[in-house]
Engineer: 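Before I ask anything, let me first share the structure, which is written out below as structure tokens.
This chain uses plain numbering: 1 for the first residue, then up along the sequence. Hydrogens, waters and symmetry mates are skipped; everything else that's a heavy atom, side chains included, is used.
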Amino acid sequence: MKKVNLFLIVVVAALLFACKPEQPVTPNTFTVGSGVLVLNEGNYQFSNASLTYYNPVADTTVNNLFYRVNNAPLGDVAESMALVDGKLYIVVNNSNLIYKVDANTMVCDTTKPFKLSDFYSPREIQFVAPNKAYVSDLYGTQLWIINPQDMSHSGSIEMGKSTEKMVLVGNELYLSNWSNTFVTGMEKNTVQVVDVNNDVKVAEIRVGKEPNTMAVDKNGHVWVLCEGAVWEADGEQPSLWEINPMLKTAEKRYEFDGTAMVLRANPSGDQLYVIYNNEVRRFDIATLTLSDTFRIAAEPQGMFYNMAVEPKTGDIYVTDAKNYMMNGTVYRFSYDGVKLSSFEAGVIPSAMLFK
């Protein structure tokens, strides 16, 4: 009976993904104004990724937005987004593609290039110019260079390691080397630096194990949250490192006793937020201390998964993946931790983008 159910799930998922807009469709009219877009990863190999739009002023939510507009699903595991020049770029990891849609209507323009594929396992996208962006890759050792204008591959940089999160500081791109699951023999305790003018790797900086999210402070320093891989025989505790971009050196600033998984900076860049032991905690870069008074705890049975900070108001948005199968929830808090609102999103709400 279980084999039959699994077969049906795979068949349905394949049929849904086959409906991606290769041919022009008649879109459902919708206008996306100011607010936050939430990318829901969905379950691996279920092709149930989705997009949610929330208007904090009106306190209204629209779920399954991409599907409702384009009559097609996003695909399998939606990973990240970027908004540039009125276009929204959505990276769908396991489907190995990037969508380009109108940021105001969410329509895939099928009369122009709207989709780019032929990656190994695309993760994050970082723009450095209107016609140039980098795409990190979990399965391969290439950092992809693409032209978003015509949605084409324009080159690659051999990094020797898989790449994950990225932050831009001046003309240098910092990349975390988070996982060695698909790259045999690689160290997963470094941050690499690429000169974006010449497309060459210029440095490799040793940090803690499994560096993941990064944030840039008011001084232009790069802070790196390392997850630690405590389950491994030679694992270590999660840690927070500060990189001086002038010296290309890293110094450990804090070691966590528990689980630490997402790092963000506040708008002024003098404080950091981290999801630590299922709470949002605040870290002061001046005193190099974790606040004991600022705590945002998950709801009972909840599971904090990702976080974003609104750049104008400083409001903190935190996603709750719950049991990773049902629809998740996104909570909105003020900069001082007061709950302002919450809304239902899709399955495994993760990346967020403010419009």
Side-chain angles (χ1 to χ4, degrees), residues 20-21 24-42 48-75 78-92 98-115 124-127 130 133 148-149 151 264-268 273 305-320 327-335 338-355:
K20 57 185 182 291
V25 298
T26 302
N28 298 311
T29 303
F30 194 86
T31 301
V32 177
S34 298
V36 59
L37 292 166
V38 181
L39 200 56
N40 306 292
E41 291 181 5
N48 60 343
S50 65
L51 185 65
T52 295
Y53 166 63
Y54 174 67
N55 183 330
V57 176
D59 194 26
T60 55
T61 308
V62 180
N63 278 312
N64 295 312
L65 180 57
F66 185 90
Y67 189 96
R68 292 172 62 173
V69 171
N70 294 287
N71 297 324
L74 267 177
E79 185 67 30
S80 62
M81 297 180 287
L83 177 61
V84 178
D85 293 336
K87 300 297 181 182
L88 179 68
Y89 298 83
I90 304 174
V91 181
V92 189
I98 300 175
Y99 282 116
K100 177 181 180 180
V101 303
D102 187 294
N104 296 317
T105 64
M106 295 297 139
V107 173
C108 278
D109 186 352
T110 55
T111 65
K112 299 176 182 179
F114 71 96
K115 185 180 63 176
E124 303 287 319
I125 181 170
Q126 175 68 58
F127 275 74
Q149 299 294 312
M151 295 297 280
R264 304 290 182 226
N266 69 348
S268 58
Y273 298 105
Y305 189 73
N306 208 340
M307 172 175 50
V309 180
E310 211 285 334
K312 294 179 180 178
T313 64
D315 288 351
I316 306 163
Y317 287 73
V318 191
T319 71
D320 185 341
N327 284 346
T329 299
V330 180
Y331 296 96
R332 172 182 165 228
F333 301 90
S334 67
Y335 70 94
V338 176
K339 183 179 174 181
L340 301 175
S341 60
S342 64
F343 57 94
E344 184 179 282
V347 176
I348 314 181
S350 185
M352 289 170 280
L353 188 152
F354 299 97
K355 185 175 181 290

Engineer: Could you tell me the separation between the CD atom of Q149 and the NZ atom of K112, rounded to the nearest 0.5 Å?
Structural biologist: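 The distance works out to 10.5 Å.
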Engineer: Could you tell me which residues satisfy ring-ring contact (aromatic ring centres under 6.0 Å, His included) with Y331, sequence neighbours excluded, listed by chain and number?
Structural biologist: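 Not a single residue meets the ring-ring contact (aromatic ring centres under 6.0 Å, His included) criterion with Y331.
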Engineer: Return the minimal non-hydrogen interatomic distance between P56 and Y317, and the atom names on each side.
Structural biologist: CB-OH, 3.8 Å
Engineer: If you round to the nearest 0.5 Å, how far is CG of N104 from CZ of F30?
Structural biologist: 11.5 Å
Engineer: Less than 3.5 Å apart, any donor N or O on the side chain of N40 or S50 sitting next to an acceptor on the other?
Structural biologist: yes
Engineer: Do any N or O atoms from the side chain of K355 and from the backbone of V32 form a donor-acceptor pair under 3.5 angstrom?
Structural biologist: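 A pair under 3.5 Å: yes.
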Engineer: Should Y335 and N266 be marked as a side chain to side chain contact (heavy atoms under 4.5 Å, CB included) after you check the CA-CA gap, both sets of side-chain angles, and the distance that decides it?
Structural biologist: CA-CA 8 Å; Y335 70 94; N266 69 348; over 6 Å; no
Engineer: Can you spot which of N327, D320, T319 makes a side-chain contact (heavy atoms from CB on, under 4.5 Å) with P349?
Structural biologist: T319
Engineer: Please report the closest heavy-atom contact between R264 and M307, naming both atoms and the distance.
Structural biologist: NE-O, 2.6 Å
Engineer: Does either side chain, that of N63 or that of Y53, offer a donor lying less than 3.5 Å from an acceptor on the other one?
Structural biologist: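 No, Y53 and N63 have no side-chain donor paired with an acceptor closer than 3.5 Å.
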Engineer: With F333, which residues qualify under ring-ring contact (aromatic ring centres under 6.0 Å, His included), at least two apart?
Structural biologist: none
Engineer: How long is the span from the NZ atom in K115 to the CG atom in D109, to the nearest 0.5 Å?
Structural biologist: 14.0 Å
Engineer: Report yes if the side chains of Y305 and E41 come closer than 4.5 Å at any heavy-atom pair, otherwise no.
Structural biologist: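 The answer is yes, as the side chains (C-beta and beyond) meet within the 4.5 Å cut-off.
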Engineer: Any side-chain heavy-atom pair from E124 and V91 closer than 4.5 angstrom?
Structural biologist: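 Not in contact.
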Engineer: Would you compute the distance between atom CD1 of I125 and atom CD1 of I98 and round it to the nearest 0.5 angstrom?
Structural biologist: 4.5 Å
Engineer: Any non-hydrogen side-chain atom of V62 less than 4.5 Å from a side-chain atom of R68?
Structural biologist: yes
Engineer: How far apart are the C-alpha atoms of K87 and D102, what are their side-chain angles, what is the distance that settles it, and do they pass the side chain to side chain contact (heavy atoms under 4.5 Å, CB included) test?
Structural biologist: CA-CA 5 Å; K87 300 297 181 182; D102 187 294; 4.1 Å; yes
Engineer: Less than 4.5 Å apart, side chain to side chain, heavy atoms only: is that true for V330 and Y54?
Structural biologist: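 Sidechains of Y54 and V330: no contact.
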Engineer: OH/Y273 to CD1/I316 distance, rounded to the nearest 0.5 angstrom?
Structural biologist: 4.0 Å
Engineer: On a heavy-atom basis, which atom in A103 and which in L83 lie closest, and how many Å separate them?
Structural biologist: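 Between these two residues, the closest heavy atoms are CB-CD1, 3.3 Å.
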Engineer: Considering non-hydrogen atoms only, spot the tightest contact between D59 and S341 and give its length.
Structural biologist: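 Minimum heavy-atom separation between D59 and S341: OD1-CB, 4.1 Å.
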Engineer: Hey, mind stepping through R332 and V36 against side chain to side chain contact (heavy atoms under 4.5 Å, CB included) and telling me if it holds?
Structural biologist: CA-CA 11 Å; R332 172 182 165 228; V36 59; over 6 Å; no
Engineer: Answer with yes or no whether the side chains of N306 and S350 bring together a donor and an acceptor at under 3.5 Å.
Structural biologist: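 Yes, because at least one side-chain N or O of S350 sits under 3.5 Å from a partner of the opposite role on N306.
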Engineer: Can you tell me if N70 uses its side chain to pair, donor with acceptor, with the backbone of C108 under 3.5 Å?
Structural biologist: yes
Engineer: Does a side-chain heavy-atom distance below 4.5 Å link L37 with T52?
Structural biologist: no
Engineer: Can you tell me if N64 uses its side chain to pair, donor with acceptor, with the backbone of Y67 under 3.5 Å?
Structural biologist: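 Not confirmed, N64 side chain does not pair with Y67 backbone.
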Engineer: Of all heavy-atom pairs between S342 and T329, which one has the smallest distance, and what is that distance?
Structural biologist: CB-CG2, 4.2 Å
Engineer: To check you understand the geometry: which heavy-atom pair defines the closest contact between S80 and A351, and what is its length?
Structural biologist: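 Closest approach of S80 to A351, heavy atoms only: CA-CB, 4.2 Å.
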Engineer: What pairs with Y89 under ring-ring contact (aromatic ring centres under 6.0 Å, His included), at least two apart in sequence or on another chain?
Structural biologist: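 With sequence neighbours excluded, Y89 shows a ring-ring contact (aromatic ring centres under 6.0 Å, His included) to F127, given in chain and number order.
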